[in-house]
Amino acid sequence: MLRILDFTFAFFGLVFGFPVLLIIYLIGLFDTGSPLFKQERVGRNKKPFILVKFRTMKVDTASVASHLASTASITKLGGFLRKTKLDELPQLWNVLKGEMSLVGPRPGLFNQEELTQAREAKSVFDVRPGITGLAQVNDIDMSTPELLAKTDAKMIAEMSIKNYFKFIFQTVLGAGAGDRVK
C-alpha cells in the first residue's frame, strides 16, 4: 500500500512540481553551473543507487556526509534550498523508480561505516530509504550513528499509514532542520 502511495505522490509531485523544478534548475545553472547533485548512496538491502538532489554546495566540495562539510561550501541558493527543503524535490524521481520511499531512513554513504554497521545490526536496510522520517523531523542526523540507527529501527517497527502521513505533514510544515553542516 505504501509503495502505491509513494508512486502516486512522486508522479504527481513531479508533474505538478515541474515548473518549480525547472525554475530551481535554471537558477542553479547561474549559481554553480551544475544544479543537480548525484551521489551513490546505500539503498535497500545495501544495494547502491544514485540519489539526485539540487546542488546546495560548491561543485568542488568533498563527497562527505553533510555534518562533515563546512558551511563555507554552501552557496546562497543552496542555503535557501536547504532551509525550505526544496533541494530534496529531485528525489521524487528516486521514489518513482522504487529506489526510495517518501518516508524511511535517510540513505547514507558507503564510507559511513559506523552508520552502516549500526543500521545493519538493527535491520534498517530491509526497507527502502526515504526522503523524510522520524529521525528527520526530530533533528537526528548522521553525526550520531547509533541514535540514528535506533530511531530508524523504531520508525520501521511502528510504520503505519497514519505515521507515513504524519512524517510527511511534519516535514512539509517545517519540522526538522535537515542535515547539519559544521
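Given the structure is predicted, the values throughout are model-derived calculations rather than measurements.
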For residues [X] and [Y]: do they belong to one hydrophobic cluster (side chain heavy atoms under 4.5 Å, members Ile, Leu, Val, Met, Phe, Trp, Tyr)?
X	Y	value
Phe169	Ile161	yes
Ile50	Leu21	no
Leu29	Phe54	yes
Val137	Met159	yes
Leu92	Ile24	yes

Cationic N near anionic O, under 4.0 Å, Lys46 to Glu120: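 Yes, charged N to carboxylate O under 4.0 Å.
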
Glu88 bridged to Lys53 by N-O distance under 4.0 Å: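 The answer is yes: the pair qualifies as a salt bridge.
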
Review item, side-chain donor-acceptor pairs of residues 2-20, under 3.5 Å, at least two apart:
from : atom 1 : to     : atom 2 : distance (Å)
Arg3 : NH1    : Val95  : O      : 2.8
Arg3 : NH2    : Val95  : O      : 3.3
Arg3 : NH2    : Leu96  : O      : 3.0
Asp6 : OD1    : Ser101 : OG     : 3.2
Asp6 : OD1    : Leu102 : N      : 3.0
Asp6 : OD1    : Tyr164 : OH     : 2.6
Asp6 : OD2    : Ser101 : OG     : 2.6
Thr8 : OG1    : Ile4   : O      : 2.8

Gln91/Leu51 under side chain to side chain contact (heavy atoms under 4.5 Å, CB included): CA gap, chis, key distance, verdict: CA-CA 7 Å; Gln91 290 174 69; Leu51 177 128; 3.5 Å; yes

Side-chain donor/acceptor of Thr75 to backbone N/O of Gly78, under 3.5 Å: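 Looks like yes, one N/O pair under 3.5 Å.
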
N/O donor-acceptor pair under 3.5 Å between Asn163 side chain and Met155 backbone: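 Checked: no pair found.
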
side-chain hydrogen bond (donor to acceptor under 3.5 Å, both in side chains) between Thr56 and Asp87, worked out: CA-CA 7 Å; Thr56 61; Asp87 61 319; 4.9 Å; no

Of all the heavy-atom pairs spanning [X] and [Y], show the shortest one and how long it is.
X	Y	answer
Ala153	Val124	N-CG2, 4.1 Å
Leu36	Pro90	CD2-CG, 4.2 Å
Pro107	Gly130	CD-O, 3.6 Å
Ala118	Pro145	CB-O, 4.0 Å

Once you round to the nearest 0.5 Å, how far does [atom1] of [X] lie from [atom2] of [Y]?
X	Y	atom1	atom2	value
Leu115	Leu109	CG	CG	9.0 Å
Ile23	Ile27	CD1	CD1	7.0 Å
Leu147	Ile140	CG	CD1	4.5 Å

Criterion side chain to side chain contact (heavy atoms under 4.5 Å, CB included) on Lys76 and Phe80, from CA distance to verdict: CA-CA 7 Å; Lys76 285 184 181 184; Phe80 170 77; over 6 Å; no

Is any side-chain heavy atom of [X] closer than 4.5 Å to a side-chain heavy atom of [Y]?
X	Y	answer
Gln136	Arg106	yes
Pro35	Arg55	no
Val52	Phe37	no
Asp152	Leu134	no
Thr151	Asn138	no
Lys150	Glu146	no
Lys58	Thr32	no
Arg82	Ile74	yes

Atom CD of Glu40 with >12 non-hydrogen neighbours under 6.0 angstrom: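 Atom CD in Glu40 is packed in, count exceeds 12.
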
Option passing side-chain contact (heavy atoms from CB on, under 4.5 Å) with Gln112 (candidates Gln117, Arg119, Met142):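 That would be Met142; it is the only one of Gln117, Arg119, Met142 passing the side-chain contact (heavy atoms from CB on, under 4.5 Å) with Gln112.
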
Option among Met100, Arg44, Gln39 that satisfies the side-chain contact (heavy atoms from CB on, under 4.5 Å) test with Phe49: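 Of the listed options, the one satisfying the test is Met100.
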
Side chain to side chain contact (heavy atoms under 4.5 Å, CB included) evaluation trace for Ile168 with Val103: CA-CA 7 Å; Ile168 290 171; Val103 178; 3.7 Å; yes

Asn45 and Phe125: CA distance, side-chain angles, deciding distance, side chain to side chain contact (heavy atoms under 4.5 Å, CB included) verdict: CA-CA 5 Å; Asn45 300 318; Phe125 295 114; 5.6 Å; no

